Amino acid sequence: MEREELFEAMARSVIEGEDETAADLARRAVEAGIDPLEAIDRGFVPGIDHVGQEFSRETMFLPELVLAGEAMKAAVAVLEPEMTRAGVAREIHGTVVLAAAPGDIHDIGKSLVGTMLSASGFRVVDLGVDVPVDAVVDKVREVNADIVGVSALLTTTMLGQRDLITALGSAGLRGNVKVMVGGAPVTPEWAEEIGADGFGEDAARAVAVARRLVGVEG
Amino acid sequence: MRPKLELLDAEIVGRVLDEAFLLLRDHGVKVQAPEAVELLTAAGARVDGDVVFVPEGVVRRALETVPSGFRLCDRSGEPRVTYGGDAVQFDPGSSGVHVLDPETLEHVSSTTADLARIVKVAEMLPQYDAQSTAVVCDEIPKEIGDLWRLYVVLSLSAKPIVTGAFSVTTLRHMIDMLAVFAGGRDALAERPQAVFDVCPSPPLIWSAFGAQNLIELARAAVPAEMVSMPLAGAAAPVTLLGSVVQHAAECLSGITIHQLARSGSPIVWGGAPAIFDMRKGTTPMGAIETAMIDASYAQVGKSLGLPTHTYLGASDAKVVDAQAGLESGVTALIGALAGINMISGAGMLDFLACQSPEKLVVDAEAIASVRRFLDGVQPRTETLALELFEGIAFKGEFLKQRATKELFALEQHLPSRVIDRDSARGWRQSGALDTWERAKERTRQLLEEFERPSHDAAMMAELRGIVERLAKDAGMEVLPEPA
């Protein structure tokens with residue numbers, strides 16, 4: 001397969017949400033000695049960009065978006081060790097730690113935000129649901145996160161968002177990390193009241209907020 | 001399993017037909033066209049003045065020859081609409097004399113430009129299986145009002161058409177106009193592109209025009225659609241079943257005249273009944289009882305193996321408001337569940353007097369939901385759920401399943417932006433538009449995107465020639481361009 005053909009097939013594997021195909025193509029790129037960064041930027045990223053655009057036009061839908069994200073993830077998982085070996089790093093917009101607030105077991109919205117962020121060039125560390133505040137603080141320190149996002153789907157667990165901001169302050173990390181909050185009961189007013197830096201109405205808008213917080217244009 | 005609504009048990013259906021036959025035999029039906037009276041008497045009916053007493057046997061013989069179905073073709077001759085069985089299709093309501101001005105909200109007399117807008121919107125929306133000659137054009141001489149409407153639709157649409165004539169002379173011209181595209185009258189009979197509404201007058205009267213209309217259509221073998229309209233409590237018995245019996249008697253006598261004129265010609269068991277509002281003296285098309293009469297008479301027609309039509313999906317509201325939405329949506333669903341072949345009425349307000357392209361756009365959403373409902377709840381996977389739980393382990397990750405991507409579009413109908421499913425904040429951020437404003441926006445968009453179907457230029461010229469000649473005879477020198 002010619003290089004350009006291979007890149008096209010990579011984009012297609014993401015658009016079609018075929019994670020196994022995406023991983024196979026990534027391996028073939030490695031075997032062919034193609035720069036893994038180039039494989040990502042010219043192969044897989046155009047695919048995820050296409051899906052993102054179609055999604056915002058309402059011509060592709062959440063299941064396609066999620067599967068495209070999974071395919072992207074599978075490809076990057078193959079290519080990342082190669083990049084490490086070569087001593088290169090993919091240019092990322094920033095590292096985001098995601099968690100659902102303590103006591104909150106709602107996963108779908110937060111995972112969507114994660115998928116969208118990683119598809120848009122962020123490194124995402126998703127801690128899952130019902131995550132204690134301390135665990136989030138530790139992870140933020142460990143990965144030197146640029147952004148931490150906490151979701152809460154219940155009015156009772158929303159308080160965990162405020163607790164996290166307080167804890168980040170006590171740990172002396174508040175100046176280094178931006179805090180994004182989201183979830184059905186969360187309002188911009190609440191975000192302001194607890195001193196969060198950003199609020200995204202849904203996954204697509206969360207990406208825009210995250211880009212703004214790390215100073216990426218557009 | 002397809003969901004289905006039947007309001008009458010078999011015994012009641014039998015009693016409706018029994019009483020309809022008795023009405024025709026003992027009360028009689030008024031038939032004001034001499035030719036129709038002759039046909040009926042020659043077949044064995046008794047006449048007293050213009051009242052004809054029709055024995056059951058004469059009607060039964062007609063029922064033996066009437067086709068159980070037929071198909072309407074689009075302009076290219078492809079069959080698109082099925083009359084018969086439980087096929088369900090929708091077309092915009094016709095008979096409008098006003099349109100709702102989207103800016104002033106006034107009901108203004110409709111013109112060619114309004115009809116053109118309605119036809120374009122209906123052409124763009126797949127929910128409408130057929131066009132209708134939806135409104136009369138006020139600036140056109142009355143003598144050619146019916147054929148003018150057909151001309152506008154023929155110019156702008158390729159879909160099958162539900163239409164109707166205002167006189168026997170113009171009916172003949174309209175059949176000729178359709179024959180231009182079919183390739184002659186015989187070819188038109190083979191592959192009809194339009195069905196013609198024919199109205200009896202309640203109670204139990206076939207006017208001179210109505211009866212002659214039936215005869216002409218039968219002889220041309222162009223499909224006829226009876227629009228019987230008992231008004232329960234005014235021009236028909238107040239009981240719903242009493243009105244259903246009257247409807248049956250009117251349609252049975254219509255079929256008899258029609259089949260006697262030419263047996264085997266297609267005809268539809270249709271109608272536009274309504275209850276009579278005892279406060280205002282109006283005829284509410286959005287009333288639940290109106291829909292109940294319709295579903296009932298359709299069941300009676302189906303028991304005879306006939307194709308069916310009704311008027312539902314319309315509203316009596318004066319603007320496209322909550323009442324318009326609920327009446328149109330609820331009654332469209334009832335008509336569809338009753339398995340009625342052609343449901344006319346979308347777009348209509350104010351007791352079928354006023355059309356609105358914007359309402360057509362809203363009603364299309366109701367129709368799309370109704371179609372989804374008719375598809376029913378079906379097994380899509382080998383096991384209903386077990387295979388979908390593989391690897392789930394209490395995680396809400398069904399979005400990541402390939403099955404979700406493959407099946408969601410089959411399971412879920414995605415409405416257009418006329419239906420708001422955004423979050424409250426998202427909705428506010430996109431301008432806080434209500435249904436009406438969203439419908440206006442989509443209507444504008446559809447009108448912009450509309451492209452005139454590419455009809456054969458020679459045929460269009462021939463059609464234009466026919467209409468120009470008839471318009472000149474009616475005193476019209478310059479024809480408006482239907483654009």
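Numbers restart at 1 for each chain; the letters A, B, ... are given by sequence-line order, proteins then strands. Remember, it's a predicted structure, so these values are computed and weren't measured experimentally.
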So CG of B:Asp321 and CG of B:Leu326: to nearest 0.5 Å the spacing works out to 8.5 Å
Between A:Asp146 and the options A:Ile92, A:Val140, A:Val177, A:Thr95, the side chain to side chain contact (heavy atoms under 4.5 Å, CB included) test singles out A:Thr95
Which atoms of A:Leu112 come close to chain B, meaning under 4.5 Å heavy atom to heavy atom: side chain ones, backbone ones, both, or neither?
side chain
Side chain / backbone / both / neither for A:Thr115 at chain B, heavy atoms under 4.5 Å:
neither
For B:Glu406, is it the side chain, the backbone, both, or neither that has a heavy atom closer than 4.5 Å to a heavy atom of chain A?
neither
Assess whether atom NZ of B:Lys120 is packed by more than 12 heavy atoms of other residues, nucleotides or ligands within 6.0 Å.
yes
Verdict with reasoning, B:Arg442 to B:Glu449, per salt bridge (Lys or Arg N to Asp or Glu O under 4.0 Å)
CA-CA 10 Å; B:Arg442 182 151 161 78; B:Glu449 289 168 6; over 6 Å; no
Region of B:Arg417 that comes under 4.5 Å of a non-hydrogen atom in chain A
side chain
